[in-house]
Amino acid sequence: MKVLYFAWVRQKVGLAEEVVQPPAEVRDVAGLVAWLSARSPGHAAAFAHPGQVRAAVNQEFAGADAAVAGQDEVAFFPPVTGG
Amino acid sequence: MKVLYFAWVRQKVGLAEEVVQPPAEVRDVAGLVAWLSARSPGHAAAFAHPGQVRAAVNQEFAGADAAVAGQDEVAFFPPVTGG
Amino acid sequence: MARIAVQAAPFDLAAESAALVAGRTDLGGIASFVGVCRADDGVAALVLEHYPGMTERALAGIAAEAARRWPLAGCTIIHRVGRMAPGDPIVLVLTASAHRAAALEACAFLMDWLKTRAPFWKREELADGSERWVEARHEDEAATARW
Amino acid sequence: MARIAVQAAPFDLAAESAALVAGRTDLGGIASFVGVCRADDGVAALVLEHYPGMTERALAGIAAEAARRWPLAGCTIIHRVGRMAPGDPIVLVLTASAHRAAALEACAFLMDWLKTRAPFWKREELADGSERWVEARHEDEAATARW
């Protein structure tokens, strides 16, 4: 599973992307956030306030209960501010 | 009093503008229309359907009861179609 | 504040837009609308007539009304007159503001009001040599009334 | 139907507009919006970051939604990324239609949706050397919800 980070989420995690292999019990975005948060203090800081972080699965916006698995590309970022 | 005609009102009257001296009892746009209509068959044709003709007095849109007098500039034209 | 022009010559969207923002760093956005001569039903050309003097007054009044309703940093209205071919640009409205909604709404407002409150008249010349005056549309009155 | 671009380079409003109308005589109007980098509170520069791949998908999806809602003859969305100075243009939305209301409404819709549904993020660099991420605005969510 490829995980991407953008904006201040990227800065807090300290990585733009990483390839991870979460255990089988990680089935959705919320589960992945909990599992990623334990990887480093940076990850923990990035996900400290889940309400401030948005997710996309395979380049589509996704909620906390969206399924994640295998070869998915999952991204985490703040609410968007383009335009 | 200067009277201007535009678009098909101009074509029917056969004049783009004329200087007229209506009698004192012509006090408003409706009165002026009635008086002008008697000047020629062209005028009569232009004003045959008053609901299709709009007016401006001194370059401001004006209704049938708007006052007209002396040195006013009065214009008659169809509903506008710019843009 | 507004730049108003009635002219036979084409206008330059990029130059007009650049003039509106030149030297400013307080703008959030510039909205524009360009009205184009459409080739409806075999229309070969469109001839635009107007009421010199009143036209400029009416456009300036409409621009002033927009400036009362929205916080505009600037606004430009250019309307062409004379003969136009299908595809030719007829009218340009540009609005600049710190906020995008103000610029976009004021641009739509200016077009709606201009359609029903500025003294222009369109005559269509058809491919068969005949001509006809364009009639005012009820939709345009309705669009004006919504503001 | 839509032209979508995400690029560091500036865009050319006149060229993009001309490309949209080239060879057509069925258009009634072209609406545009250009979003500009504003110098709020001592902002020295703005840095735009995005999610390559998802950005283009999201913009194409928003353009397709606009085409479902309005009879558009064409639409262009160009969003810049990288470092921008106050006064620099950031985003261009262009819409063309036979009808002015469709072009103007679709242009406003595209900007509103783009603001909340395309993966871009802005970081402000301040004159004192510090930096901060721009926070999403509730007004933008409300503007998206009105459509």
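- Looking only at side-chain heavy atoms (C-beta outward), C/Trp133 and B/Gln11 come within less than 4.5 Å of each other.
- Heavy-atom neighbours of chain C within the stretch residues 29-44 of chain B, taken at a separation under 4.5 angstrom, are nonexistent.
- Within 6.0 Å of the CD atom in C/Glu135, the count of heavy atoms belonging to other residues, nucleotides or ligands does not exceed 12.
- Under the 30°/60° scheme for interplanar angles, the aromatic rings of B/Phe6 and C/Trp121 are found to lie parallel.
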side-chain contact (heavy atoms from CB on, under 4.5 Å) between B/Glu60 and C/Met54, worked out | CA-CA 7 Å; B/Glu60 299 279 353; C/Met54 179 171 168; 6.0 Å; no
> Between C/Phe120 and B/Val80, is a side-chain contact (heavy atoms from CB on, under 4.5 Å) present by the stated rule, with each step listed?
Replying inline: CA-CA 6 Å; C/Phe120 293 97; B/Val80 304; 5.7 Å; no
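- Within a 6.0 Å radius of CZ in B/Arg27, other residues, nucleotides and ligands contribute 12 heavy atoms or fewer.
- Distance check: B/Thr81 OG1 to C/Leu46 CG gives 8.5 Å after rounding to the nearest 0.5 Å.
- Ranked by non-hydrogen atom pairs under 4.5 Å with chain B, the options C/Thr55, C/Val134, C/Leu48 are led by C/Val134.
- Residues of residues 50-58 of chain B that come closer than 4.5 Å to chain C, counting heavy atoms only, are B/Ala56, B/Asn58, ordered by residue number.
- Of the residues considered (C/His79, C/Glu49, C/Arg80, C/Arg117), C/Glu49 shows the highest number of contacts with chain B, using heavy-atom pairs under 4.5 Å.
- Contact annotation for C/Glu56: neither backbone nor side-chain heavy atoms come within less than 4.5 Å of a heavy atom of chain B.
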